[in-house]
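Step one of this worksheet: look at the structure below.
Here the structure is a predicted model, which means the values were calculated and not measured. In this chain, residues are counted from 1 in sequence order.
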Amino acid sequence: MKENYYARSLNAERLRQVYDTAIARVARYLECEISFVCGGLKKSDEVLELAAGYGRVMKKVAPFVRSVTGLDISAENVRFGAEYLKDTKNAELLVMDVHEMDYDRRFDVALCLQNGLSAVKAEAPELLTAKVLKALKMGGKAYFSTYHPRFWEHRLAWFKEQAEKGLLGELDMEKCKDGVLVCKDGFRATTQSAEDLERIGRASGYRWQISEVDDSSLFLVIEKII
């Protein structure tokens, strides 16, 4: 299993504190991502979420669909999530490295939200995207989101807040630029540009589009239709 910073240091209760933000603009960004996805869901959908953490998005999505399955690399997240999701009967959270998943035409919708391709360290995002699309039924949709360039200052403020809480190391401000955040404890968060998302969309071989949401997110939505 390919461990990363989230599995080692930023999981369970510490990860929950990341989303307990006092920055209103960041809270709006988080809600707008979920609202955008929920607007395209159907009650009959079976949903897969990559890098699901402790189930924050799953809990919001569950009322709109038949079932939601979340994958996360951290066993601590999954244990914490079992309590968090205990009243969400149509949700299942599993310990799994998304790079090793092997589903075949099982899901109607796949979610990889909040800069997920960077969070799971997808060095070859086209290959991971192919795995995600393999997991979808024909006609299914995959949602990949990243940060909008205009959200940079809010993102930077959010990571400063996390560092002040002791969830991350101190930011190395000389290295924080061009969509990349670097902490002095070795944590590094990248992102995808619109051009990166376009390249992933074209490589998929399926219908795709890019949407801007709330000036905070860029979404690549791939529909498994040729």
Side-chain angles (χ1 to χ4, degrees), residues 4-6 18-19 21 23-41 47-53 56-57 60-61 98-99 109-136 139-160 162 171 173 175-183 187-226:
N4 62 25
Y5 190 96
Y6 292 95
V18 167
Y19 299 106
T21 176
I23 304 172
R25 185 64 183 88
V26 173
R28 190 179 94 189
Y29 146 72
L30 294 169
E31 288 301 317
C32 285
E33 285 219 329
I34 294 173
S35 295
F36 178 76
V37 167
C38 288
L41 296 176
V47 177
L48 173 69
E49 188 190 3
L50 281 64
R56 178 185 66 90
V57 172
K60 297 275 191 176
V61 165
V98 299
H99 298 277
V109 176
L111 308 176
C112 187
L113 305 185
Q114 203 217 310
N115 202 34
L117 287 173
S118 293
V120 301
K121 307 300 181 186
E123 297 173 1
E126 294 87 351
L127 296 180
L128 180 59
T129 300
K131 278 182 172 285
V132 173
L133 294 170
K134 180 176 181 287
L136 292 179
K141 289 184 179 181
Y143 292 78
F144 302 89
S145 75
T146 189
Y147 295 106
H148 197 293
R150 287 195 284 271
F151 193 65
W152 168 252
E153 293 300 326
H154 306 293
R155 183 183 174 211
L156 190 61
W158 188 23
F159 275 74
K160 286 181 179 177
Q162 293 173 46
L171 288 174
M173 296 306 298
K175 296 181 180 179
C176 291
K177 57 185 177 180
D178 301 325
V180 178
L181 287 166
V182 180
C183 295
F187 177 82
R188 185 174 185 270
T190 60
T191 190
Q192 278 79 40
S193 65
E195 292 74 19
D196 293 331
L197 296 183
E198 289 174 7
R199 185 182 67 252
I200 295 167
R202 287 194 300 269
S204 74
Y206 294 108
R207 182 186 299 173
W208 60 276
Q209 67 177 22
I210 293 176
S211 297
E212 298 185 24
V213 176
D214 186 51
D215 274 353
S216 55
S217 297
L218 293 175
F219 268 86
L220 169 63
V221 182
I222 302 177
E223 190 171 3
K224 197 172 178 181
I225 295 176
I226 297 175

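- Two rings, from His148 and Phe151, have their centers 6.0 Å or more apart.
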If you apply the rule side-chain contact (heavy atoms from CB on, under 4.5 Å), what do you find for Leu171 with Leu156, and how did you get there? CA-CA 9 Å; Leu171 288 174; Leu156 190 61; 4.1 Å; yes

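- Between Asp178 atom CG and Thr190 atom OG1 the span is 12.5 Å, to the nearest 0.5 Å.
- Contact record, Lys224 with Leu133: NZ-O, 2.8 Å, taken as the closest heavy-atom pair.
- Screening Ser35, Cys32, Ser145 for a side-chain contact (heavy atoms from CB on, under 4.5 Å) involving Val213 leaves a single residue, Cys32.
- Here His99 contributes atom NE2 and Leu50 contributes atom CG; the two are 9.0 Å apart, rounded to the nearest 0.5 Å.
- Two residues are said to be in side-chain contact when any heavy atoms from C-beta on lie closer than 4.5 Å; Ile210 and Glu198 meet this criterion.
- Taking CG of Leu220 as the reference point, atom CZ of Arg199 lies at 11.0 Å (rounded to 0.5 Å).
- Separation of atoms CD (Glu31) and CG (Asp214) is listed at 11.0 Å; rounding is to 0.5 Å.
- Two residues are said to be in side-chain contact when any heavy atoms from C-beta on lie closer than 4.5 Å; Glu212 and Leu218 meet this criterion.
- Residues Val180 and Lys175 are not in side-chain contact: their nearest non-hydrogen atoms beyond the backbone lie 4.5 Å or more apart.
- At least one side-chain heavy atom of Trp158 sits less than 4.5 Å from a side-chain heavy atom of Val18.
- Summarising the geometry of Val132 relative to Ala110, their closest heavy-atom pair is CG1-CB, 3.5 Å, with the distance given to 0.1 Å.
- Considering every non-hydrogen atom in both Ser217 and Tyr29, the closest pair reads OG-CE1, 3.3 Å.
- How far OH of Tyr143 is from CD of Glu49: 13.5 Å, rounded to the nearest 0.5 Å.
- Looking only at side-chain heavy atoms (C-beta outward), Val57 and Lys60 stay at 4.5 Å or farther from each other.
- Looking only at atom types and distance, the side chain of Ser204 has no donor-acceptor partner in the side chain of Thr129 under 3.5 Å away.
- Both the sub-6.0 Å distance and the 45° axial angle are satisfied by Arg155 relative to the ring of Phe159.
- Counting only heavy atoms from C-beta outward, the side chains of Tyr19 and Gln114 approach each other to under 4.5 Å.
- Applying the side-chain contact (heavy atoms from CB on, under 4.5 Å) criterion to Ser193, with sequence neighbours excluded, gives Glu195, Asp196.
- Within a 6.0 Å sphere centred on NZ of Lys134, other residues, nucleotides and ligands contribute more than 12 heavy atoms.
- Between Ser118 and Thr191, the side chains place no donor N or O within less than 3.5 Å of an acceptor N or O (distance only, hydrogens not considered).
- Looking at heavy atoms from C-beta onward, Ile222 lies in side-chain contact with Phe144 at the 4.5 angstrom threshold.
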Between Ile23 and Lys160, does a side-chain contact (heavy atoms from CB on, under 4.5 Å) hold up when you go through it step by step? CA-CA 11 Å; Ile23 304 172; Lys160 286 181 179 177; over 6 Å; no

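- Every residue meeting the side-chain contact (heavy atoms from CB on, under 4.5 Å) condition with Ala51, not counting sequence neighbours, appears here in chain and number order: Val120.
- Put simply, CD on Glu123 and CG on Leu128 are 11.5 Å apart, with the number rounded to the nearest 0.5 Å.
- Between Phe219 and Phe36, the ring planes are tilted. Angles from 30° to 60° get that label.
- The side-chain heavy atoms of Ile226 and Tyr206, taken from C-beta on, include a pair separated by under 4.5 Å.
- More than 12 heavy atoms of other residues, nucleotides or ligands sit less than 6.0 Å from atom NZ of Lys131.
- Considering all non-hydrogen atoms of both residues, Ala142 and Leu136 come closest at N-CD1, 3.8 Å.
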